[in-house]
Amino acid sequence: MNENLFASFITPTMMGLPIVILIIVFPTILFPSTNRLINNRLIAIQQWLIHMTSKQMMAIHNPKGQTWTLMLMSLILFIGSTNLLGLLPHSFTPTTQLSMNLGMAIPLWAGTVILGFRHKTKASLAHFLPQGTPLPLIPMLVIIETISLFIQPMALAVRLTANITAGHLLIHLIGGATLALLSISTATALITFIILILLTILEFAVALIQAYVFTLLVSLYLHDNT
């Protein structure tokens, strides 16, 4: 069991070629577009959830920030769907890879920062030096604020990676413990199986919450710079 603990985090290959791109593209099939005047219930529920989420998330933005609505909604749908698909047995979760999460976090963070320096130059520079700072502390505070600015995309990526990876590891460990206890004590195995079911339900919630938190933080960075 210990030898295969991290096997689910290895990038899958087919004939020696990585198929992670196909896995990343696959969630787009789950959100079909339709030209019908009256949609079925599944598409109607999807559109209602997207509309409600976008309305809540973009309410604080000005018209310039609301131009990012499509990108942010695509981001939350992509992260949420890949997290949920990763909970299926023998599946691969792209969001457990720090490199991929950094690939999402850094361009979005950089876009918000560049937008802030372009349209709100004085306000963006003012973040590096709070008002009323004593003169001897100015160099130290500028360095601290600069570090905190550049650590934002790393915090975004690490938070998503750590939460999804920890959940997968817990499910793997408790599932292995349930199988091992089945031949020793049926009652104990039943208790661990119930814990496994509850943990799986919790992971479904975590998968959606982490997608919302990632997108919400990007939205807040955008709000600070527009």
Side-chain angles (χ1 to χ4, degrees), residues 1-32 40-46 48-50 52-53 74-105 154-217:
M1 182 179 67
N2 293 331
E3 294 178 356
N4 299 323
L5 187 60
F6 294 94
S8 60
F9 305 115
I10 300 175
T11 304
T13 58
M14 180 180 295
M15 301 178 62
L17 299 175
I19 58 173
V20 66
I21 296 179
L22 296 177
I23 297 174
I24 292 174
V25 173
F26 178 74
T28 58
I29 304 174
L30 302 177
F31 303 98
N40 58 35
R41 289 184 179 138
L42 179 61
I43 296 179
I45 292 173
Q46 288 180 351
W48 176 75
L49 288 173
I50 293 171
M52 182 182 65
T53 306
S74 301
L75 179 67
I76 192 172
L77 289 175
F78 171 72
I79 298 176
S81 58
T82 51
N83 288 348
L84 291 176
L85 289 173
L87 292 173
L88 296 175
H90 304 288
S91 60
F92 173 73
T93 313
T95 47
T96 57
Q97 307 296 313
L98 182 61
S99 57
M100 176 178 168
N101 294 336
L102 283 173
M104 292 189 296
M154 181 65 71
L156 275 177
V158 170
R159 181 187 295 106
L160 180 59
T161 305
N163 281 281
I164 301 302
T165 303
H168 283 57
L169 288 177
L170 278 175
I171 290 176
H172 187 281
L173 290 172
I174 296 178
T178 304
L179 291 176
L181 291 170
L182 195 59
S183 58
I184 301 174
S185 174
T186 306
T188 308
L190 181 61
I191 294 174
T192 55
F193 181 70
I194 294 174
I195 295 174
L196 179 61
I197 293 176
L198 295 176
L199 180 62
T200 304
I201 296 173
L202 177 64
E203 281 305 306
F204 274 99
V206 169
L208 297 175
I209 290 171
Q210 289 304 314
Y212 180 77
V213 169
F214 189 97
T215 311
L216 180 62
L217 289 175

So which heavy atom on Asn83 is nearest to which on Ala207, and how close?
ND2-O, 3.1 Å
For the side-chain contact (heavy atoms from CB on, under 4.5 Å) test, which of Ile195, Ile194, Ile201 pairs with Ile197?
Ile201
Distance, nearest 0.5 Å, that separates OG1 of Thr95 from CD1 of Ile164
5.0 Å
Measuring from atom CD1 of Ile174 to atom CG of Leu181, what distance do you get when rounded to the nearest 0.5 angstrom?
11.5 Å
How long is the span from the CG atom in Leu75 to the CG atom in Leu216, to the nearest 0.5 Å?
11.5 Å
Backbone N or O of Tyr212 within a donor-acceptor pair of the Thr215 side chain at under 3.5 Å?
no
Just how far is it from atom CD1 of Ile191 to atom OG1 of Thr186, taken to the nearest 0.5 Å?
11.5 Å
Supply the atom-to-atom distance Ile50 CD1 to Leu77 CG, rounded to the nearest 0.5 angstrom.
4.5 Å
The single option from Leu156, Ile76, Ile209 that satisfies side-chain contact (heavy atoms from CB on, under 4.5 Å) with Phe214 is Leu156
His168 side chain to Asn163 main-chain N or O, any donor-acceptor pair under 3.5 Å?
no
Check: Thr165 side chain, Ala162 main-chain N or O, donor-acceptor pair, under 3.5 Å
no
Start with the C-alpha distance between Ile79 and Gln210, add both sets of side-chain angles, then the distance that settles side chain to side chain contact (heavy atoms under 4.5 Å, CB included), and finish with yes or no.
CA-CA 8 Å; Ile79 298 176; Gln210 289 304 314; 5.8 Å; no
Please give me the minimum heavy-atom distance between Pro94 and Met100, naming the atom from each residue.
CB-SD, 3.2 Å
Enter the distance from Leu170:CG to Leu196:CG here, rounded to the nearest 0.5 Å.
10.5 Å
Shortest non-hydrogen separation from Gly80 to Ala211 and the atoms involved
N-CB, 3.5 Å
Looking only at non-hydrogen atoms, find the nearest pair between Leu208 and Leu84 and report the distance.
CD2-CD1, 3.7 Å
For Thr161 and Thr96, the nearest pair of non-hydrogen atoms, with its separation, is CG2-O, 3.4 Å
Could you check Leu160 against Met104 for side chain to side chain contact (heavy atoms under 4.5 Å, CB included), going step by step and ending with a plain yes or no?
CA-CA 11 Å; Leu160 180 59; Met104 292 189 296; 4.3 Å; yes
